[in-house]
Amino acid sequence: MKPATQVSFPGRDYDLAATLSSGQAFRWRQVGDAWEGIISGHHFRLRQTPAAITAELLGASSTASTPDPTHASRITHHAHHFLQLDTDLPAILATFPDDEPMRASIAACRGLRLLRQEPWECLVSFICSSTKQIVQIQQIIALLCERFGEPIPVAANVRRLHSSLRPETPDLRPNAKSEPPYVGCYPAFAFPTAARLAACSEAELRTCKMGFRAPYILAAAKAVASGELNLSRLHTLPTFEARAALMCLHGVGGKIADCVLLFAYGKQDAFPVDVWVRRALTELYFPRRRPSEKRLAHFANTHFGPNAGYAQQYLFHYVRVKKSV
DNA sequence: TTTGTGCCTTAGCT
DNA sequence: AAGCTAAGGCACA
C-alpha cells in the first residue's frame, strides 16, 4: 500500500531534473533517482516516472502551515504550486518567436519549466548570486539554512517506514544506488525567516561565506521583517512597479529584481539578462557585432513576446548545456 | 548619461 | 605548489 504521504501528478512535458537544476532554485539535491528539497517548510522528495511526477512528504517544520503532515490536499497544494503543474507548456512555447535560436533552444530543453518559489527565499538567493557560480550560491544558501533555519523533523510515519532500513552511514553520493526505500539527508532545514536573519549580525551572516553581500541580506531582512517592504503586496503590482520596489534594496539591481519577479512572482514578462543570456543573445542574434547594453535590453524586452521570461530560461539553459557538451 | 573599479569568496586553472 | 582569473552584479565615483 502506498504511504499516505505520497501523491502523484500527470507529468507530461515536464523535465523535473532539468527544471530543478537549471539555476532558478538552489536547494534541490539529487538523491538516487529522486530530488529532495523544501517547499514552504515542507520537506519533499520528488520523483519522475514516465507517467507521473510523485511528491512524497518527508516532514514539516513546526512553523509550517500544515497541522497534519500527512494531509494529502496540503501536500498536493504545495508541490503543485511550486512545480506549476497547471502551466500549459505547449501553449507557452507557441508564443516564442519562430527563429533559429529559439527553435534550437526548445529542441535542446524539452520539458524545461519555470518554478514558483517563495519570494523571500528567492530574493535572498539572488542577492547572494551576484558574481557567484551556481555551486557557490548553493553552498551559501545551505549554510544559511543550517545555521538559521528551523530544523524539520522527519514525519512519524516516514520514520516508521524507513527506520529499520536506514543505512548507518547514508550514502550521499549524487549517483548512489537508491535501494528502496532510501532515506536522504537529515535533518533538513526550512529557509530562515526574515525576522531571524534580521536578528543576525553582519559577522554572523559572513560566516555563511557571502562576503560583501552580508550587509545587503541584513538590510533586506530588516526591511521585510519590519514591514517596510511587503513582499506579498508585490503580487498585486504591475511588473515595472514591483521591479522598482525591489530595486530600492541595496544589492538588488535590474538583473536580480528580474529573477525574483520571474521565479517567485510569475511575472513572465521579466527578462533577466545575466552574462550567460548576454552571451547567448550576442552570439545568436548579433553575431560579429557588439551590441550596447541598452540595445540588448531593448531587444530582450521586445523580441520575445508575452512569455519573454520563459524564453529567457530556454536560452539560458540552452547555452549552458551546449557549453558543457 | 556612460564607463570603470572595488568588493568577499572560491573553483578551476596554470 | 602557489598564484591567478573568472565567476549567473551592484554601488559608487
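Across A:Tyr314, A:Phe96, A:Phe299, a single residue satisfies ring-ring contact (aromatic ring centres under 6.0 Å, His included) together with A:Phe304, and that is A:Phe299.
A salt bridge links A:Glu36 and A:Arg45; the closest N-O separation between the charged side-chain nitrogens and carboxylate oxygens is under 4.0 Å. A salt bridge links A:Asp258 with A:Arg243: at least one charged nitrogen is closer than 4.0 Å to a carboxylate oxygen. For A:Glu293 and A:Arg278, the salt-bridge test passes: some basic side-chain N is under 4.0 Å from an acidic carboxylate O. Ionic pairing of A:Glu202 and A:Arg206 is present here: one or more N-O contacts between side-chain nitrogen and carboxylate oxygen are shorter than 4.0 angstrom.
In this structure, A:Tyr285 has its ring center under 6.0 Å from that of A:His303.
Remark: C1' of C:dA6 and CH2 of A:Trp276 are 11 Å apart, rounded to the nearest angstrom.
Within the nucleic acid shown, A:Leu249 comes within 4.0 Å of sugar-phosphate atoms alone, with no base atom in reach, counting heavy atoms only. Looking at heavy-atom distances under 4.0 Å, A:Arg206 makes contact with sugar-phosphate atoms alone, never a base. Across all strands shown, A:Gln139 has heavy atoms under 4.0 Å from sugar-phosphate atoms exclusively, and none from any base. Among the heavy atoms of the strands, none lies under 4.0 Å from A:Ile137. At the heavy-atom level, A:Lys132 lies under 4.0 Å from base atoms of the strands shown.
Remark: A:Glu100 pairs with A:Arg103 by the salt bridge (Lys or Arg N to Asp or Glu O under 4.0 Å) rule, at least two apart or across chains.
Identified under the salt bridge (Lys or Arg N to Asp or Glu O under 4.0 Å) test for residues 114-141 of chain A, with sequence neighbours left out: A:Arg27-A:Glu121.
Of the listed nucleotides (B:dT9, B:dC7, C:dG8), C:dG8 has the atom at the smallest distance from the side chain of A:Asp274.
Remark on DNA chain C: of its neighbouring residues A:Gln312 and A:Val252, the 5'-side contact belongs to A:Gln312, judged by nearest-heavy-atom nucleotide.
The backbone N or O of A:Ser40 lies less than 3.5 Å from a partner atom in the side chain of A:His42, making a donor-acceptor pair. Under the 3.5 Å distance criterion, the side-chain polar atoms of A:Tyr310 are matched with a main-chain donor or acceptor of A:Leu114. At least one donor-acceptor pair closer than 3.5 Å links the side chain of A:Trp120 to the backbone N or O of A:Pro192.
No side-chain donor-acceptor contact under 3.5 Å links A:Arg113 and A:Thr87.
Interface residues of residues 237-245 of chain A facing DNA chain B, ordered by number: none; criterion, heavy-atom separation under 4.0 Å. Residues of residues 20-28 of chain A having a heavy atom closer than 4.0 Å to DNA chain C, listed by number: A:Ser22, A:Gly23.
Every stem involving DNA chain C, taken as at least 3 paired positions in a row under the Watson-Crick or G-U wobble test at 3.5 Å, is listed here: B:3-7 with C:9-13, B:9-14 with C:2-7.
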Would you sort out whether A:Tyr14 and A:Phe9 count as a ring pair (Phe, Tyr, Trp, His ring centres under 6.0 Å), showing the intermediate values? CA-CA 11 Å; A:Tyr14 211 120; A:Phe9 311 98; 9.7 Å; no
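For the OP1/OP2 pair of B:dT10 and a distance below 4.0 Å, the side-chain nitrogens and oxygens of A:Lys209 include at least one atom meeting the criterion.
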Enumerate all atom pairs, one protein N or O and one N or O from nucleotides 2-6 of chain B, separated by less than 3.5 Å.
none

